[in-house]
2 protein chains.
Amino acid sequence: MGSTSRTETFPAHTPAASQIFTTVLSHGPLTRLDAARRAGLSAAAVTKAVRPLLEAGYLVEDADEAARPALGRPANLVRVDGGRALFVGVKVTGDEIIGVLTDLCCRIRLARRVPLTDRATRAVLASAAGLVQELRAGADDLGVAVLGLGIAVSGDVDRAEGVVRYSPFLEWRDVPLAELAAMTTGLPVTLDNDVRALTIAEQWFGAGVGLSDFAVVTVGAGIGCALVVHGQVVAGAHGVAGEIGHVAIDPAGPPCHCGNRGCVEAIAGDAAIVARMREVTGRPVADTAEAVALAHQGVAGAREVYARAGEAIGRGIATVANLLGPERVIISGEGLTAYDLFAEQIRDSFGAAAFGSAAQCDVQTRPLPFEEWARGAAAAAIQSFITSTPTHRPGKG
Amino acid sequence: MGSTSRTETFPAHTPAASQIFTTVLSHGPLTRLDAARRAGLSAAAVTKAVRPLLEAGYLVEDADEAARPALGRPANLVRVDGGRALFVGVKVTGDEIIGVLTDLCCRIRLARRVPLTDRATRAVLASAAGLVQELRAGADDLGVAVLGLGIAVSGDVDRAEGVVRYSPFLEWRDVPLAELAAMTTGLPVTLDNDVRALTIAEQWFGAGVGLSDFAVVTVGAGIGCALVVHGQVVAGAHGVAGEIGHVAIDPAGPPCHCGNRGCVEAIAGDAAIVARMREVTGRPVADTAEAVALAHQGVAGAREVYARAGEAIGRGIATVANLLGPERVIISGEGLTAYDLFAEQIRDSFGAAAFGSAAQCDVQTRPLPFEEWARGAAAAAIQSFITSTPTHRPGKG
DNA sequence: GCCATTATTTTCCGCTGTCAATAAAAGAAA
DNA sequence: TTTCTTTTATTGACAGCGGAAAATAATGGC
């Protein structure tokens with residue numbers, strides 16, 4: 001059933017080798033010379049680093065049939081063989097678990113979701129293990145080994161220690177989830193905060209490729225944010241960073257569960273929008289879908305609710321841009337389904353509140369398929385694998 | 001007159017050597033073993049890196065007379081010989097130029113200020129050159145060479161290019177100040193933003209020593225901020241970062257010169273405080289000193305003006321803490337002279353607005369002698385010197 | 001078949017930092 | 001005084017990385 005884990009290690013023993021591999025991974029097929037230029041190394045270094053990776057099957061070589069130049073020796077393209085290894089990514093929310101099986105290039109091969117009724121650690125662990133087992137069965141069908149498991153949880157997560165310090169949605173404190181999951185599944189486990197995991201996926205495979213400073217903002221139940229500065233995801237000295245949701249925008253705004261008033265999340269989070277929609281329209285509004293419907297139907301005041309949310313998000317993003325000067329901000333999240341309702345406000349209020357050249361920051365949106373969060377977890381697992389970061393491994397107990 | 005520049009280079013050719021030198025510079029006298037531990041290197045590496053630095057006189061050796069352990073070979077302390085080299089730091093404001101002569105340990109040896117009446121590039125350059133000349137004369141008296149000049153200017157400054165992109169106070173755009181100053185003074189010049197320069201001084205010689213993530217917030221005419229993330233000062237993709245002054249705290253707040261309402265600077269900047277003080281007390285208030293006096297005299301409403309400013313600053317700092325999770329925030333600036341008037345509010349509103357563990361962030365204050373800004377510029381020059389960063393050097397005319 | 005051109009590999013080579021062994025500098029014990 | 005013990009510093013051998021340059025490979029054009 002694939003539950004035996006032959007721990008495989010990645011044959012990139014030097015920093016240069018890791019760097020070249022990630023360059024090829026992010027920038028698609030490259031000639032050795034291009035890879036050298038991109039990574040700031042000599043061609044000789046690339047040849048040397050690439051050889052063991054080719055031999056181990058992580059990289060493969062193609063002739064560049066497409067764009068062969070008129071003159072000179074044709075180049076050989078090097079690319080990552082996605083099918084060489086598989087990873088499982090799992091996102092745990094308060095009411096469901098989403099799992100994906102991805103290849104080494106983080107392309108999704110299978111996706112599954114299971115509802116979560118019991119938030120106790122045991123129950124969550126059992127559900128997650130079942131999901132992982134199911135996905136590994138799919139991997140067995142492909143005849144490829146699963147080399148790692150990534151788990152994404154919202155809240156305060158210590159990746160290095162593999163511990164969920166505090167998760168409001170799950171009501172967990174100090175749960176050593178990585179170790180538990182490693183014991184249960186027999187896989188090396190990487191645990192990270194959900195938005196940070198998503199950001200790793202963007203950094204390596206998405207709209208953050210090639211950027212050393214950018215931010216990801218997620219809009220949905222909560223308003224999340226993760227930052228990449230100097231090419232690395234910011235983790236914060238105390239495990240908390242990117243709390244754009246609790247940046248206070250308006251001291252006269254609605255109260256937030258954090259105890260303040262006028263937090264971005266208290267204006268633009270799902271719950272806030274639904275509550276406000278009820279208040280404004282006087283109708284019973286059960287969830288976001290209904291709120292969106294009301295706004296689309298043009299019910300009086302409904303659009304203003306979204307406009308106000310968009311303004312709050314735009315000002316939050318402007319605050320990030322003013323403080324960090326990122327090259328790009330990527331907006332994503334489930335809330336994006338209503339993007340047409342607040343896009344304009346986001347742009348306007350960002351433009352108004354961004355100071356000086358911070359306004360040059362490129363604000364993009366990325367639709368977020370439901371599996372994307374889990375894919376982020378897989379990206380974190382891939383990152384641990386190829387950088388040979390010590391992960392939590394199945395012990396003997 | 002000291003205007004001959006024998007360009008001296010720093011004998012630290014490997015990354016390890018630079019790292020060891022900065023370790024010794026920041027952490028005072030160290031034994032070789034301690035330096036190795038701090039820098040994460042072997043003792044052998046320290047011995048090898050230290051030798052050429054001792055020979056060149058940048059480091060010196062002392063016996064550790066003070067705390068000799070009972071047992072074993074007594075340690076030899078290695079420390080930086082501050083007197084080995086001198087640097088000049090200059091801060092240019094809208095109405096004066098402050099200059100200091102510092103040693104290699106960034107200790108101030110001489111300080112001078114000259115008023116600035118004309119903001120034209122030529123005039124500023126001439127005043128600055130005079131100041132530098134005067135300080136170099138002091139260096140000649142000590143018989144030590146000046147090895148670099150640092151210049152700090154507020155606004156949008158491109159350090160790598162040595163260009164002032166935009167300075168509101170000086171009304172400059174795209175002035176290649178580093179090159180001009182290098183030609184005028186014959187010294188290698190490092191140009192940087194004033195708050196970033198101050199932050200380098202804190203990182204190497206102040207309250208930021210040993211921290212990889214912290215922020216410096218300056219309170220005065222403007223509210224400035226610079227951030228250190230992953231051990232490096234954040235410069236921003238478009239040259240703007242740390243604009244805490246234009247983080248909008250209150251959409252109903254007073255209008256700011258940036259076009260928004262309720263920016264931190266529009267509430268807590270000097271001009272805002274003075275204006276508000278006039279409004280509230282109905283008296284003519286000419287400057288901050290008078291505003292402070294009124295508050296200290298207990299004039300009705302005067303304290304509230306400062307309380308409000310403190311609240312704005314505290315919320316701005318909380319925003320930084322929420323987004324970046326720094327280990328420490330260092331508050332400094334001329335405005336600190338009135339610190340007793342808003343300290344409490346800063347702490348309270350920071351505590352209230354910081355989310356979760358972000359509240360663990362250590363908020364400190366550092367009094368700021370008037371020469372401190374110029375000392376920051378000197379620190380930037382020292383940094384360029386010891387990391388052998390290419391600086392703007394005197395050309396041939 | 002020869003040449004120009006571009007890509008890749010090979011062959012040194014210098015350099016860095018580690019390791020393990022050794023020297024040095026005490027005070028303590030004999 | 002002579003040896004130990006303990007801790008610090010130095011030395012020399014060494015493995016490995018990544019660069020420069022030369023060699024080799026693969027083409028299309030003559």
Side-chain angles (χ1 to χ4, degrees), chain A residues 9-24 27-56 59-79 386-388, chain B residues 9-24 27-56 59-79 386-388:
Chain A
T9 55
F10 189 68
H13 301 292
T14 82
S18 290
Q19 199 195 347
I20 290 165
F21 185 82
T22 55
T23 303
V24 174
H27 297 273
L30 287 177
T31 71
R32 288 172 170 76
L33 226 50
D34 281 339
R37 272 191 285 267
R38 274 239 151 78
L41 295 166
S42 68
V46 175
T47 293
K48 284 182 229 178
V50 156
R51 195 184 341 264
L53 291 165
L54 282 171
E55 278 165 11
L59 293 178
V60 288
E61 222 170 350
D62 288 326
D64 185 358
E65 297 304 340
R68 182 181 298 173
L71 220 51
R73 171 177 172 172
N76 290 325
L77 292 179
V78 175
R79 64 181 173 80
I386 70 186
T387 59
S388 301
Chain B
T9 56
F10 189 67
H13 302 291
T14 85
S18 290
Q19 199 193 348
I20 291 166
F21 185 81
T22 55
T23 303
V24 174
H27 296 272
L30 288 176
T31 71
R32 288 172 171 75
L33 226 49
D34 281 339
R37 272 190 286 268
R38 274 239 154 77
L41 293 165
S42 68
V46 175
T47 294
K48 285 181 212 174
V50 156
R51 188 172 0 251
L53 291 165
L54 282 171
E55 278 165 10
L59 293 177
V60 288
E61 223 169 350
D62 289 327
D64 184 359
E65 298 304 341
R68 181 179 300 175
L71 224 49
R73 171 176 172 174
N76 290 325
L77 292 178
V78 175
R79 64 180 172 80
I386 71 187
T387 59
S388 302

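Since the structure is predicted, the reported quantities are computational estimates derived from the model, not experimental observations.
- Residue-to-nucleotide contacts include no donor-acceptor pair under 3.5 Å from the side chain of A:Arg73 to the base of D:dT27.
- B:Glu61 places its CD atom 11 Å from the P atom of C:dA25, with the value rounded to the nearest Å.
- Here the OG1-CZ distance, from A:Thr387 to A:Phe10, works out to 9.5 Å after rounding to the nearest 0.5 Å.
- Distance, A:Arg37 CZ to D:dG19 C1': 16 Å, rounded to whole Å.
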Between the protein and nucleotides 10-16 of chain C, are there any N/O to N/O pairs under 3.5 Å, and if so, what are the atom names and distances?
unit_1: C:dT10; atom_1: OP2; unit_2: A:Arg51; atom_2: NH2; d: 3.2

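- The C1' atoms of five pairs define one axis at each end of the helix from C:dG1-D:dC30 to C:dA30-D:dT1, and these two axes lie 30° apart (to 10°).
- In this structure, B:Val24 and B:Arg79 approach most closely via the heavy-atom pair CG1-CA, 3.7 Å.
- When rounded to the nearest whole Å, the span between CD of B:Glu55 and P of D:dT10 equals 12 Å.
- B:Thr47 contributes atom OG1, which lies 10.0 Å from atom CG of B:Leu54 (distance to the nearest 0.5 angstrom).
- Taking CZ of B:Arg32 as the reference point, atom CD1 of B:Ile20 lies at 10.5 Å (rounded to 0.5 Å).
- Atom NE2 of residue B:His27 and atom CG of residue B:Asp34 lie 11.0 Å apart, to the nearest 0.5 angstrom.
- To the nearest 0.5 angstrom, A:Leu59 atom CG is 12.0 Å from A:Leu77 atom CG.
- At least one side-chain nitrogen or oxygen of A:Arg32 sits closer than 4.0 Å to the OP1 or OP2 atom of C:dT9.
- Taking atom CG on A:Asn76 and atom C1' on D:dA26, their separation rounds to 9 Å, with Å as the unit.
- At whole-Å resolution of the value, CG in B:Leu33 and C1' in D:dT7 are 9 Å apart.
- No side-chain donor-acceptor contact under 3.5 Å links B:Glu61 to the backbone of B:Asn76.
- Of all heavy-atom pairs between A:Ala35 and A:Thr23, the closest is O-CG2, 4.3 Å.
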Could you check A:Thr14 against A:Lys48 for side chain to side chain contact (heavy atoms under 4.5 Å, CB included), going step by step and ending with a plain yes or no? CA-CA 11 Å; A:Thr14 82; A:Lys48 284 182 229 178; over 6 Å; no
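- Remark: P of C:dT6 and CG of A:Leu71 are 5 Å apart, rounded to the nearest angstrom.
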